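Following: one structure in structure tokens, then a few remarks.
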Amino acid sequence: MTIFRKIKSINWPGIRENKLYRNLASLKTSCILLCILACFYIIGTIFPQGAQFNDYIKSGGGFITFVIFFDLLNIFNTPAFLIIALVLFINLAICTFERFLTLWSRSKAAAADWQFTPSYTFPLDIKHELKSAEESVKEIFKKELRFKEKACQTYGIYTMEKGWSYRWLTWIYHIAILFCFLGFLMTYLFSFEDEIALYPGEVTVIKPTAASRWNKSWGNKSQPLGFKLELAEFITEYNQLPKLEYPADKLSRLAFAMGWKDPKYTLKEESYFPKDWKSRLKVIKGKRTVLEKTIEVNDPLSYQDITFYQAAYKQNLKIQIDDNPILFETETGKELIIPGVDGMLKFDTMMTGTLFKKEGGIEKIRPFTEVTLVKKEGSGKTEAENIGKLEQDGAIYIDNKRISIKEFKEASILSYRYDPGVPLLWWSGVVVLLAMSLRVFGAWYRITYRIEEKDGASYLLLKVNTKGLIADHERLIKKVKHALISAAEPIDHDTPV
Amino acid sequence: MSNLETILSRDAYILSIEVRLFWLVALLYGICLILYLIHLTTKKTGAGRLATNMLWVAVITHAGLILLRTFEGQRAPFQTLYESLSWFAWSASITYLYVERKWKDIFLPGILVTSLAVGASLYALLTRSPAVEPLSPPLQSYWFEWHVILAFLSYAVFVVSCSIEIVYLAINSSVKKGLRLEYGLNRGNLETFHRTSFRLALFGFPLLTFGIFSGAAWANEAWGRYWGWDPKETWSLITWTVFAIYLHSMSIQKWKELPASLFNILGFICMLMTFIGVNWLARLLGIPSLHLYAM
């Protein structure tokens, strides 16, 4: 309460009369700022964000002068964007503060200065004295229709409300949006992320090579994390994926629609579709395992504010040519030059792990890779020829050379991230959603009424305001009518004024 | 015949039924569109009523189709663009029918809704593969289902909101002069009709917010980044921003009429851009997108 008193004691009228403040407190300013931000967003989807400038030019990107001048490949980190976002934050903060002052004073002053223009007139039982009619109507609204009294005015005008106050709900989710902004700011300043490749059985000290913006700007170097990580096991699982024989051209598809042809599924031996990648991780502190968890995509491991995510995997091969003791090292997906072979060899992903078969069985995969021979022609074009399937304990022959896999190692690649903005963003996001849903989908009713005596009869003059999508004005009027009939036996139906 | 062959031919048989049923649904949507256009040109209420009845038939058949697809894939039916286009056509049509039932003989918004339903269905049928594929690891998340369901519900609501807004802009001056009353709108119901557009956008806005929020939560769980300025993410934010402007402009006296209406239509265009246009844009400009699986 003292904070409110202090806030109230500041010379608000002086500040609030300032033109800049008035502009910043305007809803129109909010809309204009949102429009400007939307333009930034659109630009951000036209130019590839985070792309290297040289790559952009190589891929035929245009508007080079503009791209350089306005830093369009990194538009969401440009001062212009950040300033607009900051002004929007200030605008939102001022609007929310102004709203608070209005709501606070309104809740104290109640609805004393509200204009009363009734929309409905209900005749009441003429046997009632005026005061008792007032009392009984109040009782009906309170007990039967569950309204809460908000104000009793000097001219006998009563205001009652039912449901969550839409004004406060609106205010709450705007405040929560402000906290979301703070969450974004924390992420922007303090988060960092990096990647690590773990081989089964190896214990690795994690030393981030990346630093947060905050640390970078102060020249702080990243420190190793206070724990080690061990990959106990890396698991890969595949589904068998049947291929659908279905035409691409539109006319043939129409033929399918007419029933002239039927779709057909075929299943090739090597048609594997990734089902899951899992890493069984151990967090080691000192010499003790403090945490053990199997992570997969969508199920990360969190320890001491750092979260580890299953990102990818890396496969290393040692290739033997004939019986030569000198081995060639390569990674799957990369090209390898072998002396005496015309072209480069490319080994596809080594299929290992478990296969979930279409007909329901589970089978251990005999590790294999598909080998391709890539030849580069003089014109710069590449030609790829599929050589065949190479099993881990088998061999294939190219240009009379026997090629076999001598060693295979697989690493799990984890990305890890520190982001202190997430909890704040999470909780404020939940508040935004709750308050917004209650405001939009909920029901809020305000009734303002007066009892009037005319020609010896009593009448209830009623005005109804509703907010929220499920608020039903007509249903409320029906309920009021029904409640008045059963309680006071009014002599006639309602008559709209 | 081996067990595997039996399973494959069974799947192919179910798929053939499903694809043909989808063609039938597209045809029904097309007939509805023609009937609504007949209503527009002849001003006959009967054509509008028939179109609405036909649309009910199309929506019920389409609901059956979606159930069949769910049974076929053993998962929620909106993983691929083929599936989400089907879901979009259905959800927009059923939302329209729900809203339309409260009106008396007003059918004009049906033109845009059925046009989109026909367009989405034909786009799916003619250009996308109907193959039922298992979920890839990143899509195996409960956030994914919430994300897609809520986003598409909001899209459906925005489609109907925009249809009403366009009809209102096209007809309101005539109706106020006492003209074109054959379309069911008159001075008495015109503003209520227009208010439905605002109420629908108001309904859709929290859904879109939840859709974006659940998408961010999913991205945070899968990739450790709740926001990556991916083109699809950014366009969803643009849509959200435009609808936020629209809802706020309804509180600004000077912007309440035409500017607000234009923001509503712009929001709808941004929504289409988020759903379909961004895929085209990302391919055209060669921008990598995490949402490429849905293209």
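Chain letters run A, B, ... following the sequence lines, proteins first, then strands; residues in each count from 1. The structure displayed is predicted, hence computed values, not measured ones.
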Problem set entry | Main-chain N/O of B:N220 paired to A:Y309 side chain as donor or acceptor, under 3.5 Å | yes
Exercise. Atom CD1 in B:I14, atom OH in A:Y265: separation rounded to 0.5 Å?
Worked result: 9.5 Å
Exercise. Short question: side chain of A:R253, backbone of B:L125 - any donor-acceptor pair under 3.5 Å?
Worked result: yes
Problem set entry | Test item: A:W426 and B:F213 side chains (from C-beta on) under 4.5 Å apart, heavy atoms | yes
Problem set entry | Segment of A:C35 engaging chain B (4.5 angstrom heavy-atom cut-off) | both
Exercise. Is chain A contacted by the side chain of B:F263, its backbone, both, or neither, given a heavy-atom distance below 4.5 Å?
Worked result: side chain
For this session: Against chain A, label B:L24 side chain, backbone, both or neither, depending on which of its atoms sit under 4.5 Å from a heavy atom there.
Result: neither
Exercise. Are B:L4 and A:L267 side-chain neighbours, meaning at least one heavy-atom pair lies under 4.5 Å?
Worked result: yes
Exercise. Heavy-atom distance under 4.5 Å between the side chains of A:F76 and B:T234, does that happen here?
Worked result: yes
Exercise. From B:F203 CZ over to A:F441 CZ, what is the distance, rounded to the nearest 0.5 angstrom?
Worked result: 5.0 Å
Exercise. Less than 4.5 Å apart, any side-chain heavy atom of B:T209 and any of A:L433?
Worked result: yes
For this session: Identify which part of B:I7 has an atom lying under 4.5 Å from any heavy atom of chain A, answering side chain, backbone, both or neither.
Result: side chain
For residues 236-247 of chain A, which side-chain N or O atoms pair as donor and acceptor with protein atoms under 3.5 Å away, sequence neighbours left out?
{"unit_1": "A:T236", "atom_1": "OG1", "unit_2": "A:T352", "atom_2": "O", "d": "2.9"}
{"unit_1": "A:T236", "atom_1": "OG1", "unit_2": "A:T352", "atom_2": "OG1", "d": "3.3"}
{"unit_1": "A:Q240", "atom_1": "OE1", "unit_2": "A:K358", "atom_2": "N", "d": "2.9"}

For this session: Count the heavy atoms of every other residue, nucleotide or ligand shown that sit under 6.0 Å from CH2 of B:W146, and state whether that count exceeds 12.
Result: no
